[in-house]
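What follows is a short report on a single structure.
Counting begins at 1 with the first residue of the sequence.
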Amino acid sequence: MSDDGSELPEVPSVAAGIDAGRVTAWFAEHVPAVAPPLRFELITGGRSNLTYRVRDGSGGCWVLRRPPTGHVLASAHDVVREFRILDLLAGSPVPVPPVLGCCTDHAVTGADFYVMENVEGIVPDDAAAAAAIPRESRAAASRHIVDTLAAVHAVDTTTGPLAELRRPGSYLERQLRRWHRQLTAGGIGPGPLREVHDLLARRMPDERWTGITHGDFRPGNLLIGPDGTVRAVLDWELWTVGDVMADIGWLTAAWTSAEPFGWAPDPAEGYLDIGTVLSRYADATGRALDDLAYYQAFALWRLAAIAEGVAARFRAGVMGAQDIDVTELSERPARLAESARAVLIG
């Protein structure tokens, strides 16, 4: 029964992190033409926020995002902030899923959440999924990926709401401080993650180009059509206004090493090589990609810090029912930190 005494619609499915009855009532109020009952399916593969596909009785389909169940670190998993950037980018050259609403009433399902339209496409986050992109479309997909990142970095952050989010000082300093704090809060003591942090802090370059930084821009966070077109950029949890070179370092790490990301584009399979990818970005933006090794090392170290948090969440059982090797997850942070050290010191 709802708070006003009316009966909530009967729903045929439940999922961890979802109060099906109350979320269904929220949909009925905020999502046009929804036809309860609703079914909620946890989309596996997520390592941070929980993502669900929501279907109604007449074939409608949407996507819902909420934080993990249980305790989360302060400033992490901010889906309201993620909703905000998607709303701000609507109608821009950056392809994003249209958002339909955001709920900050924790009485509905225990946390903030937002809902967006379902966009059909291929998310190449592993070899099996990537195989669905036709070979003849893979070079085009490579080009569209680069062009999409250039479009993200071209968004004006000097005026309007995004200008209010520009912060003084160095993005890299803030990031190193933030992730070091997260590691400390997670109980991580001396070891490779701390040592590489200190190396990065000592070798930090000056920030030259500021814009929207996605924070996790890679093929596995894109929806790609069979023709290679990027239909939507997903997973904006880590976005900020900062040093856009951080995204280039991240994309380079993702393009050249399958280990941390589950899959990497292979020129032997029809994708462009990383050199061509970087040249296309430089040509599109007019930016020299100096200090790339630093930004790639920074990406690997930050991924190590993220991986540490991911492993902790799976060990705590707050990521739903996903078939994950927790032992391998627990070993990954130190391995990534050592990879970052190798890139940084050449």
Original post:
Going from CG on L100 to CH2 on W62, what distance comes out if it is rounded to the nearest 0.5 angstrom?
Top reply: 8.5 Å
**OP:** Examine the side chains of E82 and Y114 and answer whether a donor and an acceptor come within less than 3.5 Å of each other.
**Re:** yes
Original post:
So, do M116 and L86 sit near enough that their side-chain heavy atoms are less than 4.5 Å apart?
Top reply: yes
Original post:
Should L223 and L238 be regarded as members of a common hydrophobic cluster, given that ILVMFWY residues are connected when their side-chain heavy atoms come within less than 4.5 Å of each other, either directly or indirectly?
Top reply: no
Original post:
Does some side-chain heavy atom of E207 sit less than 4.5 Å from a side-chain heavy atom of L172?
Top reply: no
**OP:** State, to 0.1 Å, how close A340 and L300 come at their nearest heavy-atom pair, and which atoms those are.
**Re:** CB-CB, 3.7 Å
**OP:** Quick one: sort the W301 and H197 rings into parallel, tilted or perpendicular, breaks at 30° and 60°.
**Re:** tilted
**OP:** Taking the side chain as every heavy atom from C-beta outward, state whether D216 and W250 have any pair of such atoms under 4.5 Å apart.
**Re:** yes
Original post:
Would a 4.5 Å heavy-atom cut-off, applied to side chains only, mark T285 and V244 as touching?
Top reply: no
Subject >> Member of R65, H214, R218 meeting the side chain to side chain donor-acceptor pair (under 3.5 Å) criterion with D235 >> reply: R65
**OP:** Examine the side chains of Y295 and D247 and answer whether a donor and an acceptor come within less than 3.5 Å of each other.
**Re:** no
Subject >> R81 NZ/CZ over W239 ring centroid, <6.0 Å and within 45° of normal >> reply: yes
Original post:
What is the minimum heavy-atom distance between Y52 and G17, and which atoms define it?
Top reply: OH-CA, 3.7 Å
Original post:
How would you list, by chain and number, every residue that makes a side chain to side chain donor-acceptor pair (under 3.5 Å) with E338, sequence neighbours excluded?
Top reply: R341
Original post:
Between L88 and L234, is there a shared hydrophobic cluster once you connect ILVMFWY residues whose side-chain heavy atoms come closer than 4.5 Å?
Top reply: no
**OP:** Taking only Lys NZ, Arg NE, NH1 and NH2, and the carboxylate oxygens of Asp or Glu, determine whether R39 and D56 approach each other closer than 4.0 Å.
**Re:** no
Original post:
How many angstroms lie between CZ in R143 and OG1 in T229, if you round to the nearest 0.5 Å?
Top reply: 10.5 Å
Subject >> Heavy atoms of other groups near R167 CZ, more than 12 under 6.0 Å >> reply: no
Original post:
With side chains defined as the heavy atoms from C-beta onward, is the minimum distance between R166 and T158 less than 4.5 Å?
Top reply: yes
Original post:
Which word best sums up how the rings of W26 and F113 line up, parallel for under 30°, tilted for 30 to 60°, or perpendicular for over 60°?
Top reply: perpendicular
